[in-house]
Amino acid sequence: SENWSLNGGGGGCGGRIAFHYSTNNSTLATLTANGGKPKGSTSYGGAGTIYFKDIDLQGEGDLIISNNETSWSTDLNLIAETVLPNNTTFDNLTISKYAKVYNTDTLTVSSTTTVNYNGIVKNTGTFVSDILDISNNGRYISDLNSVTTYTTLNWSGGIISDNGGNMALLNNGVSLNIPVGSTLNTNINRSYASVVVNGTLSHDMNSTSDTNKLNYTVSGNLTINSGG
């Protein structure tokens, strides 16, 4: 059947689904592994995982992590995280629709990582991906002492939070360009050769203390274009 679901209830986390196949003739369009949300509660279950592996091909398979929701809270504290094993490798990884993944060790994606539609990745370890796609309100958090490595960054309508760490886009001394429709929230001091803002440059929200603040030193031009 192509109408399968494995849904967590009562705010519990979603399940784990794995397909090992030699021929895949199904789109499995309605396959879900959602976390649950109790009626009237503000606690949201972590997304489950859906794994695909062609046994006739070399590689590590593709992983999809999605809560399949369009209107959950974007408050990180209200959504449970999906835990991945340490030192994990995939061919492709998709984190979407209010799924939240914290990487604390080493996560390697040989092809494409897609973070979109309010999916959330917080990297406190080492994250390596050939292509990193952050789009359509997907959120990527570069934490202090983390390392993010990619060959190609596609940043279109996504949100990046800079809490420190090593990431080519954010490293001191480079020329920073924030695309139209994208948001960079910077919460530490940085220095750049130049900055061009076509999207939004800000910092994450503060609560009772003025912890997050935008503090840049720009040796060249700081340009805020129309719409930025």
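These numbers come from a predicted model, not from an experiment. Below, all heavy atoms of this structure are taken into account, side chains as well, without hydrogens, waters or symmetry copies.
I134 is listed as a side-chain neighbour of L153, based on a closest heavy-atom distance under 4.5 Å. Residues N86 and T104 meet the side-chain proximity criterion, which asks for heavy atoms closer than 4.5 Å.
If you check the side chains of N123 and D143, you find no donor sitting under 3.5 Å from an acceptor. Between the side chains of T114 and N116, not a single donor N or O lies within less than 3.5 Å of an accepting N or O. Side-chain N/O atoms of S194 and N221 include no donor and acceptor closer than 3.5 Å.
Side chain of S135 to main chain of G158: no donor-acceptor pair is present (N/O by atom type, distance under 3.5 Å, no hydrogens or angles). N92 places a side-chain N or O within 3.5 Å of a backbone atom of T112 that can act as its donor or acceptor partner. Checking side-chain atoms of T82 against main-chain N and O of A47 turns up a donor-acceptor pair under 3.5 Å. Without hydrogens or angle criteria, N118 side chain to Y98 main chain gives no donor-acceptor distance under 3.5 Å. In this structure, T124 contributes its side chain and N103 its backbone to a donor-acceptor pair below 3.5 Å. One N or O on the side chain of D91 and one on the backbone of E60 form a donor-acceptor pair closer than 3.5 Å.
Checking each of V121, L84, T94, V115 against I65 for a side chain to side chain contact (heavy atoms under 4.5 Å, CB included) leaves exactly one that passes, namely L84.
Minimum interatomic distance between S175 and A193 (heavy atoms only, all atoms of both residues): OG-CB, 3.9 Å. Shortest non-hydrogen contact noted between R16 and T49 is CD-OG1, 2.9 Å. Across all their heavy atoms, W155 and T183 have their closest contact at CZ2-O, 3.4 Å. When all heavy atoms are compared, the tightest approach of N171 to Y192 is O-CE2, 3.4 Å. Nearest heavy-atom pair across I160 and M167 is CD1-CE, 4.3 Å. Minimum heavy-atom separation, S161 to R139: OG-NH2, 3.3 Å.
Interatomic distance, D162 CG to D204 CG, rounded to the nearest 0.5 Å: 9.5 Å. N215 contributes atom CG, which lies 12.0 Å from atom CG of N187 (distance to the nearest 0.5 angstrom). The CG atom of L132 sits 10.0 Å away from the CG atom of L93 when rounded to the nearest 0.5 Å. If you take CG on N166 and OG on S146, they are separated by 8.0 Å, rounding to the nearest 0.5 Å. How far CG of N212 is from CG of N185: 8.5 Å, rounded to the nearest 0.5 Å. Distance check: D133 CG to S156 OG gives 8.0 Å after rounding to the nearest 0.5 Å.
No single ILVMFWY cluster, assembled from side-chain heavy atoms under 4.5 Å apart, contains both L107 and V128. Residue L144 is not grouped with residue V147 when hydrophobic side chains (ILVMFWY) are merged at heavy-atom distances under 4.5 angstrom, including chains of intermediate members. L176 is connected to L222 through a chain of hydrophobic side-chain contacts under 4.5 Å among Ile, Leu, Val, Met, Phe, Trp and Tyr, so both are in one cluster. Linking Ile, Leu, Val, Met, Phe, Trp and Tyr residues whenever their side-chain heavy atoms come within less than 4.5 Å places V218 and L214 in a single cluster. Taking hydrophobic clusters as Ile, Leu, Val, Met, Phe, Trp and Tyr residues chained together by side-chain heavy-atom distances below 4.5 Å, I131 does not share a cluster with Y150.
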* To do: Show the numbers, then the answer: is there a side-chain contact (heavy atoms from CB on, under 4.5 Å) between T113 and Y140?
  => CA-CA 11 Å; T113 298; Y140 187 89; over 6 Å; no
* Could you check T148 against L169 for side-chain contact (heavy atoms from CB on, under 4.5 Å), going step by step and ending with a plain yes or no? => CA-CA 10 Å; T148 301; L169 170 75; over 6 Å; no
* To do: Start with the C-alpha gap between F127 and V109, add the side-chain angles, then the distance that decides, and say whether side-chain contact (heavy atoms from CB on, under 4.5 Å) holds.
  => CA-CA 8 Å; F127 195 161; V109 181; 4.1 Å; yes
* To do: Apply the test side-chain contact (heavy atoms from CB on, under 4.5 Å) to residues T186 and L201: give CA-CA distance (whole Å), side-chain angles for both, the deciding distance (0.1 Å), then the verdict.
  => CA-CA 8 Å; T186 298; L201 176 61; 4.2 Å; yes
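For Y117, the OH atom is loosely surrounded, since the number of other residues' heavy atoms within 6.0 Å does not exceed 12.
Take Y21 and apply the ring pair (Phe, Tyr, Trp, His ring centres under 6.0 Å) test, not counting sequence neighbours, and it matches no residue.
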